[in-house]
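Chain letters run A, B, ... following the sequence lines, proteins first, then strands; residues in each count from 1.
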Amino acid sequence: MTEFDRRTLLKFGAAAVVGSALGPGITLFQAFARDGEKRGPSKIRWGLVIDANKCTADCTACTNACRTENNVPLFGDPRYDGHWIRKVTVTPKTEGAVGRSLPLLCNHCEQPPCQHVCPVAATFTRDDGIVMIDKHRCIGCRYCMIACPYKARTFVFKNTEKWTNPDVPKRGKGVVEKCTFCAHRIDKGQIPACVEACNKEGEKAMIFGNLNDPNSEIVQYIRANTPKGIREDLGLEPKVFYKGI
Amino acid sequence: MEKPRFSTIKGNSPGYYALVTLLGALALAGFASAWCMFSQGHHVTGMTNAIPWGFPIVMAIYLIGLSAGSLVLSALSSVFGKAEFKPFSRIAALLAALLLIGALMCIILDWGKPERILIPFYSMNPRSMFSLNGMLYSTYIGICFVYLWAMFNDKEKLVKLLGFVAVFWAVLVHSGTGAIFGFVGARELYHSPLLPPSFISAALSSGTALMIIVLYLTFRWTGRTLDEALLKKLGFYLAMFIAVVAYFVFIENVTRSYWPANYEVQKFLLLSANKYSLVFWLGMVGCGLVFPFLILINPATGKSIGWILAASALVIIGVLAERYVIVIPGQVLPMELFPGMTVTSEFQDGVVNDYSVSLTEALFGLGIAGFVFFLYVVALRFFELVPEKAVAAGEEGVK
C-alpha cells in the first residue's frame, strides 16, 4: 500500500466516524423539540385499587384473563415466562403470621424509571397516564428491566406460537413487554381484562377508574380507605394502590 | 529527545499468520454466537427475566474501561509531558478506538433487536444514561481516529490539543458508564455515586495492565527494541492505579456494610459461600488488587519484567471480575418489594436468582475481544504504528 493510499484511507475513515458521531448530536435538538410540544395534563389519570383483604390465594382469575387477553405466553420454563400480572404471597416475618395473596402488575408510575432510562424513548406515557412500550422502537437492551423496582417488565425470550386475541398485536422475541392497563380495551370504553375477570369470577377485589375524577368510585374508595402503593418511599408515585398490606 | 521512527511490520512470518488465523477464528466464533443469540432468542444465554443483563454487558463495560485506560496512556506524552512514552502513543490510541468498537459491538449484538441499530441515532432520550453514553462512545471513537490521523501526519499542536480533548472525553465516557449503573435507584448494589469515579480508576488500572502486556509482546514479536525501564515505569503507575481502585472498593463496601438495612446484601456479597463471593474475593480483590499490588511494590519482584507482566495479567483478570461484580450480584438478589416481609410467587419473587455464563455468552465475549486484537494485529502490518525503538531518556535500550 502506498503512502497516499494509507493517508486517504485514514482521512476517509476519520470523516466517516466524525459524521456518524455528529449525527446523533444534530437530531438531539429534535428530541428536545418533541418534548417541548407535550400537551398539558389530561383530565384522565387511570388508576387501580386492589383490596388485599378480599383477594384469595387460590384465585387466579386476573392472571388467566390477562394471559388470554394479551396473549402472554407460558413457555413452561419459569425463567422465560412472561408476566404482565402475577400473584404474590406476602408474609410478615413474625412467627405464625398468615400470608396475604395479591396481584402485582405495572404500577404505571407518574415518575416511571423505565421511561427515564430507555435509550430510544420507546417507553412513553400516554396522556391518560398509561406507561406503554412502542415495540417497533424497542431495541431490546433491557435497561428498563434493570430500572423497574417492581419487576413488572419481562423480555420476550422466544417467539409466541399461540395468538389468542387478534386485538393485541402478535409479538416477536427480542423486545420488552409489560402491562398496558389493557389500553386497547380502555380506548373502546372497557375496563382492563384483569379487573373484569376479578369482578365476574373472582372476589371483586379490584376497582379501576379515573384518579382525576373526584366523583369516581376509585377516588371515593381511596378517600375512605387510604390504600397504599408499593414502595412509595422510592418516590415513583405508583398508580396501583393496595388496601390491607 | 530524538523523534521516534515508526514503521509497518513485515507480517510475513509463520508466527504472524498463525496469530492472525487464531484471532480470526476467535472472532468468527464470537460472531457465530451472536448470530445464535439473534436467531434463537436470548434463552441460549444464561440470562432470564430476573437477570436481564449477563456476560455481554460485563464484557462491554470491561472493554470500555480498557479503552479509556489505553487512551490516557496514549496521551501521557502529549498531555502529561512524559516524552519518553511517545513511542507508544500510536499503538495506545489505535487500541483505544478498537476496544471501544468492540465494546459497542458487545452492547449492540446483545440487544434483542440488533437490526434496529439506527433507532438510537434518531430516537433519543436525553434523560437516559444509555442514550447519552451512545453519543459519548461514538464521538469518542471519532476523536481517537482524528487523534491518530494527527499523529500520523506529525501535526504536533493538533496532537496536543486532541490529547487534551481525548483525555477529557475518556473521563466523560467512563463517568457515564459508571452512571448507567450508579443512577439506578431500584437496586441496592447499583445505586452509588462512587461508581463513576471508581469506573475511571479501574479503567486506568486495567488499561495500563493491558498496555504493558500488549507493548511487551508487540515489541518482542516484531523484533523492535523496547527499553525495560519504560515498562517498569508503567508498572509503577499500575501500582498507583491499583491503590486508587482499592480505596474506592474499600469505601463503597464499608459504607454499605455499616448501615443495618444492608447487612443481608453485604453478607450475601462478602461472606457467603457462593460464586459471587468467590469472584469478589479471589477475582476482584485477589487478582485485581492485592496480588498485583504486592508484586509491584516489592523491590525484589517489582523491578523484574517477568513479574510486572504477571502482575498485569492478574489485573486484567481481576478487573474483569470487578466488572462481573458490578453487573451480576445486583440482579441476583431479589428486589425488596415489601421490606420486612417474605415474598413468594411463581415469578421468582423473594428468591436469590442464579446466573451462570453460558457457553454462547463466553464465546461471544471472547470472540469480540479476539476480533479487537485481530484488527490490531492486521493494522500493524498496514500502518506505521510500532517505533523502531523505544528508549527512556539517557538510557541504552535493551532488546
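A:Arg137 and B:Ser123 make their closest contact through NH1-OG, 3.0 Å (heavy atoms, listed as atom of the first residue, atom of the second, distance). The two residues A:Arg86 and B:Asp349 have their closest heavy-atom pair at NE-OD2, 2.6 Å. Residues B:Met47 and A:Tyr80 approach most closely at O-CE2, 3.5 Å, considering heavy atoms. The two residues B:Ser345 and A:Val88 come nearest to each other via the heavy atoms CB-CG1, 3.5 Å. Residues B:Ala179 and A:Tyr143 share a closest heavy-atom pair of O-OH, 4.2 Å. Closest of all the heavy-atom pairs between B:Asn49 and A:Phe157 is OD1-CE1, 3.4 Å.
Interface check for chain B: of the options A:Val90, A:Leu104, A:Ile230, the most heavy-atom pairs under 4.5 Å are formed by A:Val90. Among A:Thr94, A:Val176, A:Thr91, the residue with the largest count of heavy-atom pairs under 4.5 Å with chain B is A:Thr91. Of the residues considered (A:Val117, A:Val156, A:Ile139, A:Asn159), A:Ile139 shows the highest number of contacts with chain B, using heavy-atom pairs under 4.5 Å. For the options A:Ile146, A:Thr154, A:Leu234, heavy-atom pairs under 4.5 Å to chain B are most numerous at A:Ile146. Among B:Ile180, B:Val184, B:Ile117, B:Ile107, the residue making the largest number of heavy-atom pairs under 4.5 Å with chain A is B:Ile180. Interface remark: of the candidates A:Cys148, A:Gly99, A:Gly172, A:Cys138, A:Cys138 forms the most heavy-atom pairs closer than 4.5 Å to chain B. Between chain A and the options B:Glu336, B:Gln331, B:Glu115, the largest number of non-hydrogen pairs under 4.5 Å is found for B:Glu336. Contact count against chain A (heavy-atom pairs under 4.5 Å) is highest for B:Gly340 among B:Gly350, B:Gly340, B:Gly185.
The environment of CZ in B:Phe168 is sparse: at most 12 heavy-atom neighbours from other residues, nucleotides or ligands sit within 6.0 Å. For A:Arg231, the CZ atom sits in a packed shell: over 12 heavy atoms of surrounding residues, nucleotides or ligands are nearer than 6.0 Å.
Geometrically, A:Lys87 does not engage B:Phe347 in a cation-pi contact, judged by NZ or CZ lying under 6.0 Å from the ring centre and within 45° of the ring axis.
To the nearest 0.5 Å, the span separating CD on B:Glu346 from CG on A:Leu74 amounts to 7.0 Å. To the nearest 0.5 Å, atoms CD1 (B:Ile119) and SG (A:Cys141) are separated by 11.5 Å. With rounding to the nearest 0.5 angstrom, the CZ atom of B:Phe338 is 5.0 Å from the CD1 atom of A:Ile245. Distance check: A:Lys151 NZ to B:Gln348 CD gives 5.5 Å after rounding to the nearest 0.5 Å.
Heavy-atom distances place both the backbone and the side chain of B:Val343 under 4.5 Å from chain A. Contacts between A:Asp81 and chain B at a heavy-atom distance below 4.5 Å involve the backbone alone (N, CA, C, O). Only the side chain of A:Leu102 comes within contact range of chain B, with heavy atoms under 4.5 Å apart. Both the backbone and the side chain of A:His116 come within contact range of chain B, judged by heavy atoms closer than 4.5 Å. The contact between A:Pro92 and chain B is made by backbone and side chain atoms together, counting heavy-atom distances below 4.5 Å. Proximity to chain A (any heavy atom under 4.5 Å) is restricted, for B:Gln40, to the backbone atoms N, CA, C and O. For A:Leu236, no part lies near chain B; criterion is any non-hydrogen pair under 4.5 Å. Heavy atoms closer than 4.5 Å to chain B are found in the backbone of A:Lys135, but not in its side chain. Proximity to chain A is limited to the backbone of B:Phe38, based on heavy atoms less than 4.5 angstrom apart. For B:Ile108, no part lies near chain A; criterion is any non-hydrogen pair under 4.5 Å.
Checking side-chain atoms of B:Lys113 against main-chain N and O of A:Lys173 turns up a donor-acceptor pair under 3.5 Å. Without hydrogens or angle criteria, B:Trp111 side chain to A:Gly174 main chain gives no donor-acceptor distance under 3.5 Å.
Within the 4.5 Å cutoff, the side chain of B:His42 has heavy atoms near those of the A:Arg142 side chain. Residues B:Ser128 and A:Cys118 fail the side-chain proximity criterion, which asks for heavy atoms closer than 4.5 Å.
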